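Notes follow once the structure below has been shown.
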Amino acid sequence: MISVKHLSKTYRNPDGSSLTVLKDINCEIQPGEVISIIGPSGTGKSTFLRALNLLDPPTSGEILYNGENILAKGYPVHKLRQKMGMVFQNFNLFEHMTVLENIMYAPVKILGVSLAEAREEAVSLLRKVGLAEKAEVYPSSLSGGQKQRVAIARCLAMNPEVILFDEPTSALDPTMVGEVLSVMRQLARDGMTMLIVTHEMKFARDVSSRIFFMYDGYIHEDGTPQQLFENPKRSATKEFTQRIRRAVFEVGDDFDFPGMFTTMTRFCIKNNISQYCERVEKISKLMLTDIMAAYRPMTVRLNYKEIADEASLDFMVEGLDHSPLDSTSKEKIHPLCREIIEEPTSRGFRVKILL
Ligand code: ADP
Ligand code: MG
């Protein structure tokens, strides 16, 4: 369906300097594939999507769409954009039009669909994204998650063959990420061909047929989710996919507990693991004010390994050569966790509690 060969993109800045963002991108995409594009920010993921639908033409290389060279002079760009929809991070809805008008606009103006037909289709698409009751309101009255679902419905109204998503959930409040991802999951199940730039690793792993890891201007590694997440061949891929998110606290004599719990709660919400909030707080309180009260200063870390979906709390004391836990204290912690790991480190001792 899409074949990309030796694609490159160099941005020339007004001051004469230049930046080569895409160096040599090669890939083949088959109908029905769901491909997640992951990688650190600034590695050209958005540039790649924009090159594919000609919002930002590449410097060199070839893009074939259903066998046709879309970079050839005179290729009808508007035809391509009908077949290749795009959903942006910031929704880009028309604020002065109702939700229904947003969805009807392009089919009527560009495809020449009748008003009645466009309306019927728009209503059915709104139902599909769970927003049937919002047809007559303006985008300003919607939440971010709802706006993005409208943007997806608007994109579907053009009946595209493939949809490009550029970080569709990164502008959303964490509580609204799920509703957008579930609409996308449904599209994937329906067989829509999708290219999704995302930082939602669990989603990428569950929903994708393939993953592209972009790094340094190349598709540095590609493969099934299992290959990339569980058995990456290259070290940069490994570092990225198996990274751990952390909140770190240095706990001294006078320490701001409420501040720490607030940060911990934010961390849990941000990483979509609010189910751990309560236990994180209980364990921390127990450890800091009771079991390990005599071991300050210490370092507390709340860790989350996204791919393994594994959260843990570390309590680390420098210069300590034995475990601060006795059997009574372990009995207190056990009901709150999956496992307690007591281990010496190069600089002291660590109690790791798996949540
Ligand atoms: P990603 O989506 O992976 O975060 P982008 O494709 O947005 O990365 O950007 C890659 C690099 O290209 C960044 O360093 C960015 O600053 C640069 N870049 C993006 N768009 C432009 C532009 N229009 N002009 C100049 N530089 C740009
Ligand atoms: Mg981007």
Side-chain angles (χ1 to χ4, degrees), residues 2 4-27 29 34-63 70-71 77 81 84-93 144 147-148 151-152 155 162-174 176-177 180-181 184 194-205 207-208 210-223 225 228-229 232 234-243 245 270 306-307:
I2 304 174
V4 176
K5 291 180 183 141
H6 304 300
L7 195 72
S8 79
K9 173 75 186 184
T10 299
Y11 286 112
R12 309 240 167 249
N13 297 322
D15 67 0
S17 66
S18 68
L19 178 67
T20 299
V21 177
L22 303 179
K23 292 177 184 163
D24 186 6
I25 301 283
N26 297 279
C27 62
I29 295 153
V34 176
I35 296 179
S36 290
I37 302 173
I38 63 171
S41 61
T43 48
K45 303 180 297 297
S46 297
T47 303
F48 177 45
L49 287 195
R50 288 201 306 267
L52 284 180
N53 85 346
L54 300 177
L55 281 174
D56 200 355
T59 309
S60 67
E62 198 175 85
I63 303 174
I70 66 170
L71 298 174
V77 174
R81 299 240 177 94
M84 207 184 266
M86 187 143 175
V87 173
F88 301 89
Q89 186 174 334
N90 291 312
F91 333 122
N92 297 356
L93 295 178
K147 282 184 194 172
Q148 193 59 296
I152 293 172
C155 178
V162 46
I163 305 182
L164 314 177
F165 291 88
D166 194 359
E167 299 199 27
T169 59
S170 26
L172 301 180
D173 187 291
M176 294 169 189
V177 169
V180 172
L181 295 183
M184 293 170 66
M194 298 158 71
L195 262 73
I196 311 165
V197 173
T198 184
H199 289 289
E200 299 287 336
M201 294 299 146
K202 265 192 284 176
F203 170 76
R205 187 185 56 184
V207 85
S208 315
R210 267 198 298 158
I211 311 259
F212 293 170
F213 171 62
M214 279 190 59
Y215 185 71
D216 191 29
Y218 299 92
I219 296 177
H220 191 70
E221 187 166 347
D222 83 288
L228 253 78
F229 289 130
R234 310 190 69 170
S235 60
T237 318
K238 186 169 174 167
E239 199 174 304
F240 185 80
T241 56
Q242 301 185 358
R243 82 205 137 126
R245 296 173 189 277
K270 183 153 182 269
E306 198 179 356
I307 286 309

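What you see is a predicted model; the values in this text were computed from it and never measured. Whatever order the structure lists ligands and atoms in, that order sets their numbers, starting from 1. Starting from 1, each residue takes its place in the sequence as its number.
A donor-acceptor pair under 3.5 Å is formed between the side chain of K45 and the backbone N or O of G39. Checked by atom type and distance alone, the side chain of D166 never pairs as donor or acceptor with a backbone atom of Q89 at under 3.5 Å.
Side-chain contact of D24 with N26: a donor-acceptor pair under 3.5 Å is present, judged by distance alone. Defined by atom type and a distance below 3.5 Å, a donor-acceptor pair is present between the side-chain atoms of S8 and S60.
Nearest residue to atom 1 (P) of ligand 1 from G42, G217, A51 is G42 (criterion: closest heavy atom).
For atom 7 (O) of ligand 1, the closest non-hydrogen atom on the protein side is S46 CB, 3.6 Å. The shortest contact between atom 8 (O) of ligand 1 and any protein heavy atom is with G44 N, 3.2 Å. Nearest protein heavy-atom contact of atom 9 (O) of ligand 1 is T47 OG1, 3.8 Å. If you check which protein heavy atom lies closest to atom 23 (N) of ligand 1, you get Y11 CE2, 3.5 Å.
The proximity of V21 to ligand 1, defined as any non-hydrogen pair under 4.0 Å, is limited to the side chain. With a 4.0 Å heavy-atom cut-off, ligand 1 is reached by the side chain of L19 but not by its N, CA, C or O.
Here's the thing with D56: none of its N/O atoms is less than 3.5 angstrom from an N/O atom of ligand 1.
Under 2.8 Å from the Mg ion (ligand 2) lies an N/O/S atom of S46, whether from backbone or side chain.
Using a 4.5 Å cut-off on side-chain heavy atoms (C-beta onward), M84 and I2 make contact. Looking only at side-chain heavy atoms (C-beta outward), F213 and R234 stay at 4.5 Å or farther from each other. Side-chain atoms of M86 and R81, non-hydrogen and from C-beta on, never get closer than 4.5 Å to each other.
Contact atoms of ligand 1 toward S41: 4 (O) (distance under 4.0 Å to a heavy atom of the residue).
Protein heavy atoms are found less than 4.0 angstrom from atom 21 (C) of ligand 1. Atom 16 (O) of ligand 1 is never approached by the protein to below 4.0 angstrom, counting heavy atoms only.
Close to ligand 1: R50, with a non-hydrogen atom less than 4.0 angstrom away.
Aromatic rings from Y215 and F240 are positioned such that their centres are separated by 6.0 Å or more.
Residue K202 qualifies as enclosed at atom NZ: its count of foreign heavy atoms under 6.0 Å is above 12.
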